Amino acid sequence: MKLFSDDELSLDSFLDGKLHIWQPLKGYRAATDPVFLAAACPAKQGEEVLELGCGAGTASFCLFRRLNVKLTGIELQPQYAKLGVKNGLHNKIPIEIETSDLRNLSSNIREKLFHQVMMNPPYYRTGTPGHNNGKESSLRVKTPLTDWVNIGLKRLKPKGWITIINTPENLTELLNALGTKVGDISIKPLASREHMIANRVIIRAKKSSRGITKIFSPLIIHTGEKHLEDSDSFSPEISGVLRNANPINF
C-alpha cells in the first residue's frame, strides 16, 4: 500500500500546541474523539497501555502528555502505522506500533498483558461508501465490534481497564460484548449542547470485577444554545480536556 508523501500531509496542533500530529490531507483525520478517549482512560503513571486501531497515534500521544505511560499501538493500515511512528519521533514520545489485523496479532502482542486497553472502533454500518479507502477503513465497521472488545479484553491484566468511545447506536453491541467478563461499567454520554441528544458515548469497564454498572450525567461539549462566530464555545471542562490534557471526570 502506498505511503503518504510529505505534500499529502498536514501538521496539526492538539492540546493547545503541546502535541503536533502529521495527518493526511485526504483520508481519516483525528478531531476530538481521540482526545476524549485519552482523557477518559484511567491510566496511572508508568502503566502499559495498548491502543487498538491507533491510526496516527493521536489518542495514545494525548494520553502520554497527561501521564508518562508505556505505549503500544495496533494499526491495520500500514500508511497510518508509519505516520504513528513518525509522530512519535516528532513529539519525542516512545511508542511501539505493530501493523496488523487485530484478529491476527503477532505472538509478541498475544503473549503480553496490559494495564489499560483503549479503542475508538469504526462507527458506521450504513450509508454510501466514500472514495477514500483509508477513511472508509477507519470509519466503517468491517471487523465486528464484538471482536474488538473480546480481543481487547484478552490483552488486559486482571483488574485492568478497557476504555471505548463510539456512538450510542452501537452501545448495545458493545455492552453485550463486555458481558460478564467485566464489572464497574461506567457509561458517559457526550452531547454537543444541553438539551441535545448524545452523539458519542464513552464506556469504561474493569476486567474481573463485579462492580455495578453506572450511567453518568452527560458531558456537555459547548455552552449556549447555538454556535456564535469567533468563539469555540467549549465548556470549561472541555476546554481543560482539549487544551491541557485534563482527564474526563465521570
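Owing to the predicted nature of the structure, the values given are computational and were not obtained by experimental measurement. What's counted below: heavy atoms across the whole structure, side chains too, no hydrogens, waters or symmetry copies.
Val69 has its side chain within reach of Leu71: a pair of non-hydrogen atoms, C-beta onward, lies under 4.5 Å apart. Within the 4.5 Å cutoff, the side chain of Val201 has no heavy atoms near those of the Thr167 side chain. In this structure the side chain of Val49 never reaches within 4.5 angstrom of the side chain of His115, judged on heavy atoms. Taking 4.5 Å as the limit, some side-chain heavy atom of Ile203 sits within range of a side-chain heavy atom of Leu171. Taking 4.5 Å as the limit, every side-chain heavy atom of Phe61 sits out of range of all side-chain heavy atoms of Pro34. By the 4.5 Å heavy-atom criterion applied to side chains, Leu37 and Ile202 are not counted as neighbours. Residues Pro42 and Thr163 have side chains in contact (heavy-atom distance under 4.5 Å, counting atoms from C-beta outward). Under the 4.5 Å side-chain criterion, counting only non-hydrogen atoms from C-beta, Thr146 is not in contact with Asn176.
A single hydrophobic cluster is not seen to contain both Leu156 and Trp161; linkage of ILVMFWY side chains at heavy-atom distances under 4.5 Å, directly or through other members, places them apart. Criterion: ILVMFWY side-chain heavy atoms under 4.5 Å apart, direct or through other members. Under it, Leu113 and Leu50 are not part of a common hydrophobic cluster.
Side-chain N/O atoms of Glu51 and Thr72 include no donor and acceptor closer than 3.5 Å. Between the side chains of Ser106 and Asn108, no donor-acceptor pair of N or O atoms lies under 3.5 Å. Using modelled atom types, one finds no donor on one side chain facing an acceptor on the other under 3.5 Å when comparing Tyr123 with Asn199.
Here the side chain of Glu194 pairs no donor or acceptor atom with the backbone of Thr223 at under 3.5 angstrom. Between the side chain of Lys188 and the backbone N or O of Ile215, no donor-acceptor pair lies under 3.5 Å. Proximity of a side-chain donor or acceptor of Ser235 to a complementary backbone N or O of Ile220 within less than 3.5 Å is detected. Judged purely by atom type and a 3.5 angstrom limit, Glu98 has no side-chain atom pairing as donor or acceptor with the backbone of Glu75. Using a distance-only test at 3.5 Å, with no hydrogens or angles considered, no donor-acceptor pair links the side chain of Asn120 to the main chain of Gly53. In this structure, Lys214 contributes its side chain and Ile212 its backbone to a donor-acceptor pair below 3.5 Å. No donor-acceptor pair closer than 3.5 Å links the side chain of Asn87 to the backbone N or O of Gly57.
Listed by chain and number, the residues in a side chain to side chain contact (heavy atoms under 4.5 Å, CB included) with Thr213 are Ile185, Ile187 (sequence neighbours excluded). Asp101 is linked by a side chain to side chain donor-acceptor pair (under 3.5 Å) to Arg103, counting only residues two or more places apart in sequence or in another chain. Listed by chain and residue number, Lys112 satisfy the salt bridge (Lys or Arg N to Asp or Glu O under 4.0 Å) test with Glu48 (two or more places apart in sequence, or in another chain). Under the salt bridge (Lys or Arg N to Asp or Glu O under 4.0 Å) criterion, Glu8 pairs with Lys2, sequence neighbours left out. Contacts of Arg110 classified as salt bridge (Lys or Arg N to Asp or Glu O under 4.0 Å), with partners at least two apart in sequence or in another chain: none. In terms of the side chain to side chain contact (heavy atoms under 4.5 Å, CB included) criterion, residue partners of His20 (sequence neighbours excluded) are, by chain and number, Leu11, Ser13, His90, Asn91. Phe114 meets the ring pair (Phe, Tyr, Trp, His ring centres under 6.0 Å) test with no other residue; sequence neighbours excluded. For Asp12, the salt bridge (Lys or Arg N to Asp or Glu O under 4.0 Å) partners are Arg29, not counting sequence neighbours.
Within the structure, every pair that satisfies the side-chain hydrogen bond (donor to acceptor under 3.5 Å, both in side chains) test and touches residues 177-186, not counting sequence neighbours, is listed here: Asp184-Ser209. For residues 146-159, no residue pair satisfies the salt bridge (charged side-chain N to carboxylate O under 4.0 Å, His left out) rule, not counting sequence neighbours. The salt bridge (charged side-chain N to carboxylate O under 4.0 Å, His left out) contacts involving residues 53-70 comprise nothing, where partners must be two or more places apart or lie in separate chains.
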- Item | side-chain contact (heavy atoms from CB on, under 4.5 Å) assessment of Asp33 paired with Arg200 | CA-CA 9 Å; Asp33 285 359; Arg200 294 288 185 270; 2.8 Å; yes
- Query: Yes or no on side-chain contact (heavy atoms from CB on, under 4.5 Å) for Val149 and Leu153, after CA distance, side-chain angles and deciding distance?
  - Reply: CA-CA 6 Å; Val149 172; Leu153 291 176; 3.9 Å; yes
- Would you check, one step at a time, whether the test side-chain contact (heavy atoms from CB on, under 4.5 Å) holds for Leu9 with Lys86? CA-CA 12 Å; Leu9 301 173; Lys86 179 184 178 78; 4.2 Å; yes
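Here the CD-SG distance, from Glu47 to Cys41, works out to 8.0 Å after rounding to the nearest 0.5 Å. Here the straight-line distance linking atom SG of Cys62 with atom CG of Leu15 works out to 4.0 Å at 0.5 Å rounding. Distance check, rounded to the nearest 0.5 Å: CG of Leu219 to CD1 of Ile221 gives 5.0 Å. The line from CD1 of Ile74 to CE of Met119 is 11.0 Å long, rounded to the nearest 0.5 Å. The distance from atom OG of Ser60 to atom CD of Gln116, rounded to the nearest 0.5 Å, is 11.5 Å. One distance of note links CG of Asn68 with CG of Leu63; it measures 10.0 Å at 0.5 Å rounding.
Nearest heavy-atom pair across Pro122 and Leu145 is O-CD2, 3.7 Å. Between Thr58 and Ala30, the closest heavy-atom pair is OG1-CB, 3.5 Å. A pairwise comparison of heavy atoms in Pro94 and Phe64 identifies CD-CZ, 4.1 Å as the closest pair. Considering all non-hydrogen atoms of both residues, Thr99 and Ala81 come closest at OG1-CB, 3.3 Å. Nearest heavy atom pair, residue Val117 against residue Gly152, reads CG2-O, 3.6 Å. For Ala191 against Ile197, the heavy-atom pair with the smallest separation is CB-O, 4.1 Å.
Between Phe4 and Tyr80, the gap from one ring centroid to the other is short of 6.0 Å.
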In residues 242-250, what donor-acceptor pairs under 3.5 Å come from side-chain atoms, sequence neighbours left out?
| from | atom 1 | to | atom 2 | distance (Å) |
| --- | --- | --- | --- | --- |
| Arg243 | NH1 | Ser239 | OG | 3.1 |
| Arg243 | NH2 | Asp232 | OD2 | 2.3 |

